[in-house]
Amino acid sequence: MENEFIPKAIEIVKDAIKADNSGDFDRALSLYKQSFEYFMTGLKYEKNKARKDTILKRVDGYFKRAEELKKYIDEQKNGGGSSKSDGGKKGGSTATKDKKDSKDNDDEETSKLRGALSSAIVSEKPNIQWSDVAGLTSAKEALKETVILPVRFPQLFAGKRKPFKGILLYGPPGTGKSFLAKAVATEADSTFFAVSSADLVSKWQGESEKLVRNLFELGREAGKSIIFIDEVDSLCGSRSEGESDSARRIKTEFLVQMDGVGKGGEAGSLLVLGATNVPWELDSAIRRRFEKRVYIPLPEAAARAYMLKMNVGDTPNVLTEEDYEVLGEKCEGASGADCSVLVREALMMPLRKCQQAKQFIPFKAEDGSPKVKPAERYPNCPKCPPKLSGDAEGSDYTCKSCGAVRMSLWDVPSEQLSVPDVCRGDFEQALGHSHSSVSPEELQRFVEWTKQFGEEGV
Ligand SMILES: Nc1ncnc2c1ncn2[C@@H]1O[C@H](COP(=O)(O)OP(=O)(O)OP(=O)(O)O)[C@@H](O)[C@H]1O
């Protein structure tokens, strides 16, 4: 698949620079941040190393500028800071800071880091139930054992029996790793700290290891909490020649913090959940800290059928259980995310039928009001199609046999339009355009890695 994230990121960053130059710093900062999300995702898929390095260099510059802006905006908000109208370019103001004693400095630094963290993490109490997660039975069991049991029955974890403190969920994209992590947090009634690795990475200007430390402190202070680090590979990839000092420091801090999890606190009160699509890129030291590694594979037919049904929800449809079963079989290779895209596509089909229809059948609704429904293909009327297709019939032609009226959607009074229910045919048509986002080679790689380091989560 063509990597569309980088061009999109560049588009956004151009707007950011424009806003920056025109003095609209709030907007500029928000656009820079938005572009980082796209850059980080795009970089994940960028295979060309030279191109990757060039982009990273550029992004580094944007990060620095965003940091300056954030500092400047914060200073303005706090009523202090410089009155410069350059958004803190050329160093910004540190005048207020100089007067503080060292304790104040520490507090200030901590609160600054906390501020930075709050923009980097999403802290919430999610509301995703186990039953919302299709399939993945043994992954759910493994997570229940790790998270729920220690809280409910602490006596089970006496002596040397300790709950796991780090779990890695790995598998192809869109298989529900983040979704599952949220279900864990709901079930455990824990605060969920989801870290956007793009934001953490964006603080790699000498402070990120402190950010990691603060993140873990926040987690400990919040009582029962789960720290979810998506794309953990981008924080803790394996050592490479080009690895910078700051990347090494963040990794070391992460190791130290992971070792501290579970010490001094209530058993199972802080859990670190990591997710990655590329487990083989993880540093072996980090891999070891995630004591349990659960493979989240592509869903099986029954899980796919269930997801299709959940995604259709209460949209008017004529689909039967059997239809879902057949469709579940047909979309082999689709991830959970692919299934939602497929449903979205299929749900649009009735709209397309309305838009493309050249004739509509009038009928009376149950309450007696006049309605029309699109009749693009009307197989039950042998006379209708040939006559209707003839231009000579004129635009106001009505078929004497079936009653179809020649008109377009725009001729239909809004209150009279009856939208066709979603049917199996709509899905079959949508399936024609869909494709699996994971190649068999990639899948094989996950299977191999699971044999060596993980366990099946199906
Ligand atoms: N097993 C599942 N049950 C229900 N919904 C699912 C499942 N798997 C995926 N989905 C749907 O797909 C969406 C994307 O899933 P999610 O973001 O959790 O995948 P992920 O594995 O974390 O992907 P990535 O690796 O790309 O971050 C979810 O919001 C959910 O709607």
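In listed order, ligands and their atoms are each counted from 1. In this text the structure is predicted, and so the values were computed from the model without any measurement.
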*For atom 18 (O) of ligand 1, the protein heavy atom that lies nearest, with its residue and separation*: Phe179 N, 2.9 Å

*Which protein heavy atom lies closest to atom 20 (P) of ligand 1, and at what distance to 0.1 Å?*
Lys177 N, 3.5 Å

*asked:* The criterion is side-chain hydrogen bond (donor to acceptor under 3.5 Å, both in side chains); which residues satisfy it with Ser335, sequence neighbours excluded?
replied: Asp338

*Under 4.0 Å, heavy atoms only, figure out whether ligand 1 is touched by the backbone of Thr175, its side chain, both or neither.*
both

*Between Glu428 and Lys330, is there a side-chain N and carboxylate O pair less than 4.0 Å apart?*
yes

*Run the numbers for me: atoms of ligand 1, each under 4.0 Å from some heavy atom of Val133, listed by number.*
1 (N), 3 (N)

*Within 45° cone of Tyr170 ring axis and under 6.0 Å: Arg293 NZ or CZ*: no

*For ligand 1, which atoms have a heavy atom of Asn277 less than 4.0 angstrom away?*
25 (O)

_Non-hydrogen atom of Gly174 closer than 4.0 Å to ligand 1_ = yes

*Can you tell me which residue and heavy atom of the protein come closest to atom 22 (O) of ligand 1, and the distance to 0.1 Å?*
Ser178 OG, 2.7 Å

_ligand 1 contact on Met307 by region, counting heavy-atom pairs under 4.0 Å_ = side chain

*Side-chain ion pair, Asp74 and Lys70, N-O less than 4.0 Å*: yes

_Passing candidate, side chain to side chain contact (heavy atoms under 4.5 Å, CB included) with Lys292, options Ile167, Leu143, Leu168, Leu169_ = Ile167

*Using a strict cut-off of 4.0 Å, indicate which atoms of ligand 1 neighbour a heavy atom of Pro173.*
23 (O), 25 (O), 26 (O)

*Give a yes or no on whether a salt bridge exists between Arg65 and Glu68, defined as a side-chain N under 4.0 angstrom from a carboxylate O.*
yes

*Could you tell me whether Glu366 atom CD has more than 12 heavy atoms of other residues or ligands within 6.0 Å of it?*
no

*How far does OH of Tyr62 sit from CG of Leu31, to the nearest 0.5 angstrom?*
13.0 Å

_Quick check on contacts: which atoms of ligand 1 are under 4.0 angstrom from a heavy atom of Asp230?_
27 (O)

_N or O contact, Leu136 vs ligand 1, cut-off under 3.5 Å_ = no

*Quick one: does ligand 1 sit under 4.0 Å from the side chain of Asp132, the backbone, both or neither, non-hydrogen atoms only?*
backbone

*Can you pull out the closest protein heavy atom to atom 14 (C) of ligand 1? Residue, atom name and distance to 0.1 Å, please.*
Ala337 CB, 4.1 Å

_Can you check which of Gly176, Ala134, Ala303, Gly336 brings a heavy atom nearest to atom 2 (C) of ligand 1?_
Ala134

_Asp426 with Lys353: basic N within carboxylate O range, under 4.0 Å_ = yes

